[in-house]
Amino acid sequence: MVGVSAALALASRRALVTVRKAATAPAQKKSVSLRAFESELGVQAPLGFWDPVGFTKDGDAEKFRRRRSTEIKHGRISMLATMGYITPEVAGKFPGMLSPSKGIAFEDVPNGLAALSKVPQEGWLQMIAYCWFCERSASVNGSATEKGKYVAFGEKTPGDVGWKPPLLSGFQGEAKTKKLNAEIANGRLAMMAIIGMFYQDGLTGSAWGDWASYTDSPLRAFESELGVQAPLGFWDPIGFTKDGDAEKFRRRRSTEIKHGRISMLATMGYITPEVAGKFPGMLSPSKGIAFEDVPNGLAALSKVPQEGWLQMIAYCWFCERSASVNGSAGSRLCSLASKARRRRRS
């Protein structure tokens, strides 16, 4: 009986341990998926590990490795492309012929996107063939060791293709980590830079085109408006004003000013009680609420009685209604004045 009791006790203990492991497994997996990549290259201040889209939320190390290899490759291409935009502008072009058979000199090739029109068919074939060679070499040699892990030339580290240029390789420890982090950071910057150069070139017709060259811009209608200030000038990244509609712009400007005024008052409402203290006496004698009883910030909302909310809503309605009625009256007066001027001219 003693042996049976001992066996039952041991079985119960094992079952309890299994249940506990099963209960804690999801929490451990979640923790790993969130922190698995925080020690990787490219995790730099001030953002740290920044993944706003959530590509790595599943914690898949193989997918991360493939994306990192792609990021490094795109960064290197973008750094070369950025230098390809800058160098001809600063250092000039090579002397002689680019294609003797086609009669194309280096000097004949314009900078920026306009250069695409000068590339002969054979040139496009050469570039496509070279890109294919690079991609094929990466996938075949990578497959030879790790079955298609998108890492080139048999190397196990993303971006390490076995090329060891003098002065740029041979580093170890902290120095190597710093150089690799710098490459990723510069590649990210170059990806943003080359897209900006493409955009500027496409709008102005020049690799270093001045904004003044973009004469067809619908944004020029509002460049003399209030709020257009250095260094951005007229800044509308979302394109609200691209249709050039003056009435819509006027409505949005009115809304912007109103929201700005409300936000300035709200900001001061947060700061003032912390710095200058609160009013003495009662806020609501009938409810027995003193100014001192109202906490700062969002917690103050819990102290507002129903009548207070009604007062605030009524005041907001009064302000909005007054603006809409008086604005309509003003618009009618302007319309009548405009019609009177037209009659006098006729």
Side-chain angles (χ1 to χ4, degrees), residues 23-24 26-35 37-38 43-57 59 222 224-242 245-334:
T24 57
Q28 291 171 351
K29 185 176 180 181
K30 183 178 181 182
S31 176
V32 169
S33 69
L34 292 175
R35 298 188 176 274
F37 311 114
E38 288 187 349
V43 179
Q44 300 170 2
L47 295 177
F49 184 74
W50 194 61
D51 180 21
V53 181
F55 284 127
T56 59
K57 64 184 179 182
F222 311 113
S224 59
E225 292 287 341
L226 291 171
V228 179
Q229 300 170 2
L232 295 177
F234 184 77
W235 195 61
D236 179 21
I238 299 179
F240 284 127
T241 57
K242 63 184 178 183
D245 191 315
E247 201 53 45
K248 287 182 180 177
F249 176 85
R250 187 165 168 268
R251 180 179 63 80
R252 292 192 183 103
R253 172 49 53 83
S254 177
T255 303
E256 178 189 24
I257 293 172
K258 179 169 62 177
H259 288 178
R261 289 169 177 170
I262 293 170
S263 297
M264 286 187 281
L265 289 171
T267 304
M268 291 306 300
Y270 254 72
I271 296 171
T272 304
E274 295 284 349
V275 176
K278 300 172 183 176
F279 291 117
M282 301 298 290
L283 171 62
S284 174
S286 61
K287 296 287 183 179
I289 302 173
F291 285 103
E292 194 61 39
D293 298 333
V294 180
N296 294 339
L298 295 176
L301 299 177
S302 63
K303 296 292 185 179
V304 180
Q306 184 177 356
E307 294 83 352
W309 285 110
L310 292 175
Q311 288 174 9
M312 289 189 282
I313 292 170
Y315 180 69
C316 291
W317 178 85
F318 168 76
C319 292
E320 290 290 332
R321 182 64 178 165
S322 298
S324 127
V325 169
N326 294 332
S328 299
S331 298
R332 283 195 293 272
L333 288 173
C334 289

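Starting from 1, each residue takes its place in the sequence as its number. None of the values given here were measured: they were computed from a predicted structure.
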Quick check: closest heavy atoms across Ala300 and Pro295, and the distance to 0.1 Å? CB-O, 3.2 Å

Side chain to side chain donor-acceptor pair (under 3.5 Å) contacts in which one or both residues fall within residues 252-269, not counting sequence neighbours: Arg253-Glu256, Lys258-Glu320

Donor-acceptor contact present, side-chain Lys278 to main-chain Val294, <3.5 Å: yes

Nearest 0.5 Å please: distance from the OG1 atom of Thr272 over to the CZ atom of Phe279. 9.0 Å

If I take atom OH from residue Tyr270 and atom CG from residue Leu298, how far apart are they, to the nearest 0.5 angstrom? 3.5 Å

To the nearest 0.5 Å, what is the distance between SG on Cys316 and CD1 on Ile262? 7.0 Å

Applying side chain to side chain contact (heavy atoms under 4.5 Å, CB included), run through Leu301 and Trp309 and close with a yes or a no. CA-CA 9 Å; Leu301 299 177; Trp309 285 110; 3.7 Å; yes

Considering non-hydrogen atoms only, spot the tightest contact between Ser302 and Ala299 and give its length. OG-O, 2.7 Å

Tell me whether the count of non-hydrogen atoms from other residues, nucleotides or ligands lying under 6.0 Å of CD in Glu307 goes above 12. yes

Could you measure the distance from the CZ atom of Phe291 to the CG atom of Leu283? Nearest 0.5 Å is fine. 4.5 Å

Rounded to the nearest 0.5 angstrom, the CE-CD1 distance for Met282 and Ile289 is 8.0 Å

For the residue pair Asp293 and Gly288, what are the closest heavy atoms and their distance? OD2-O, 4.0 Å

